[in-house]
There are 2 protein chains.
Amino acid sequence: MADGKGLTDRELRTWRTFLGVATVLNHRIEQQLKDTAGLSHPQYEVLARLSNAPDGELRMTELAGVALTSKSGLSYQITQLEKAGLVQRRPCDNDDRGIIAALTEAGWSKLRETAPAHVNLVRSTFVTPLTPDQFTHLTAALDTLGAHLGITPQTITALREPPPT
Amino acid sequence: MADGKGLTDRELRTWRTFLGVATVLNHRIEQQLKDTAGLSHPQYEVLARLSNAPDGELRMTELAGVALTSKSGLSYQITQLEKAGLVQRRPCDNDDRGIIAALTEAGWSKLRETAPAHVNLVRSTFVTPLTPDQFTHLTAALDTLGAHLGITPQTITALREPPPT
DNA sequence: GACCTTTAATTCGAATTTGAATAACTCGCG
DNA sequence: CGCGAGTTATTCAAATTCGAATTAAAGGTC
């Protein structure tokens, strides 16, 4: 478990900066989403993940796997989103235990309205402050850390088309 | 407010990886601190910040500034830490409004017991997976992002000496 | 000194998070 | 079939978070 040595002051400083950046960034985003869309960050995450899945729907467990909350946390958030009419629960065909969460029409709309401003905030706080080289290096470092933590590569594309209607 | 363009898939992927890494890392640390010391990450942060201040004490506001919680959150956590005997509240000399949170003897001990394993976890999950070059680049990128977010440089040194007794 | 604005810290209620317990179901195996 | 182990999702209580309102005191101005 131990790794032998401690951390140098520089390593510790980097770690603290990482925590600080993550915290502040998260806080800013939370703020903006709340103001412009009445959504929390976890809620937006759920919508975005769903929009990225085929037909805009995903089983609870799959959703919990990629989203940043626990299983029970997801249940709660889906309930909230359902109250808001952005998502709907539907039984799973082949598995009577399963529940599928699906984006509603309103969910797609909300996401289309909300995504641009959100993405711009991410861009202006996380991307443009860095030089292209810095960003490339950051990507590489995060990929390495992510792989080491067992995080599945975050294959996500920008907002998809509306439902097949 | 807008920044013109959206995000490329690659940029979005990096962002998601960042969120994932931050979340998982935080979760691991939370877990370990809870198991080995019965502390939450915010609580550990408070102790660490105090230990890094002269005499192991800091005014509430200063502490709230560097710690990762809101003011009310800090009040709550200090109360918890006080119940655990690790911190003590003390009125501020020159300012009757102020409250100073000070590490107790037990607080110093707890931190000395807890810090090594914690630091090793940070090291093994955040530092050693990266090559020295990668880490250097990561530091640079985070510093840039932090500066852009108005985060004060995280000057922190490793665990200090016990109280001057 | 009285007054007003600002700052410090806590308290309050509402919303959210967590893990443990629960309920419902699948699957493999005898 | 029927049992037992493993999965899926929800529910529950407890702990934590946040922001708004509150209380108390400092600092400046007249």
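Computed over heavy atoms, backbone and side chain alike; hydrogens, waters and symmetry mates excluded. Each chain gets a letter, A, B and so on, in the order the sequences are listed, and its residues count up from 1.
In this structure, G73(A) reaches the bases: a heavy-atom distance under 4.0 Å links it to at least one base atom across the strands shown.
Side-chain atoms of D96(B) lie closest to dA26(D) of the nucleotides dA26(D), dT10(C), dT10(D). When the nucleotides dA15(C), dT26(C), dT10(D) are ranked by their closest atom to the side chain of D95(A), dT26(C) comes out on top. Distance from the side chain of Q31(A) is smallest for dG19(D) among the nucleotides dT16(C), dG19(D), dC25(C).
One atom, NZ of K71(A), and another, C1' of dT11(D), lie 13 Å apart when rounded to the nearest Å. L68(A) places its CG atom 15 Å from the P atom of dT16(C), with the value rounded to the nearest Å. Remark: C1' of dT8(D) and CG of L74(A) are 12 Å apart, rounded to the nearest angstrom. Across the protein-nucleic acid pair, M60(A) atom CE and dT10(D) atom C1' stand 9 Å apart, rounded to whole Å. The NE2 atom of H41(B) sits 19 Å away from the P atom of dT17(C) (whole-angstrom rounding). R97(B) has its CZ atom 8 Å from the P atom of dA9(C), to the nearest Å. Note: CG (N94(A)) to P (dT8(D)) measures 13 Å, nearest angstrom. Rounded to whole Å, the distance from NE2 on H27(A) to P on dT17(D) is 13 Å.
For the OP1/OP2 pair of dA15(D) and a distance below 4.0 Å, the side-chain nitrogens and oxygens of Q77(B) include no atom meeting the criterion. Proximity of R59(A) to the phosphate of dT7(D): no side-chain N or O atom is located under 4.0 Å from OP1 or OP2. Side-chain nitrogen and oxygen atoms of S72(A) include none within less than 4.0 Å of the OP1 or OP2 phosphate oxygen of dT10(D). For Q80(A) and dA15(C), the shortest distance from a side-chain N or O to OP1 or OP2 is not below 4.0 Å.
For E82(A), the salt bridge (Lys or Arg N to Asp or Glu O under 4.0 Å) partners at least two apart in sequence or on another chain are R89(A).
Heavy-atom distances to DNA chain C give each of K34(A) and S75(B) a nearest nucleotide, and the one nearer the 5′ end belongs to S75(B).
Salt bridge present: E45(B) and R16(A) bring a charged side-chain N and a carboxylate O closer than 4.0 Å.
In this structure, a donor-acceptor pair under 3.5 Å is present between the side chains of T144(B) and Q134(A). Of the N and O atoms on the side chains of R10(A) and T136(B), at least one donor lies less than 3.5 Å from an acceptor on the other residue.
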Table please: side-chain donor-acceptor pairs of residues 66-76 of chain A below 3.5 Å, with sequence neighbours left out.
from, atom 1, to, atom 2, distance (Å)
S70(A), OG, S72(A), OG, 3.4
S70(A), OG, G73(A), N, 3.2

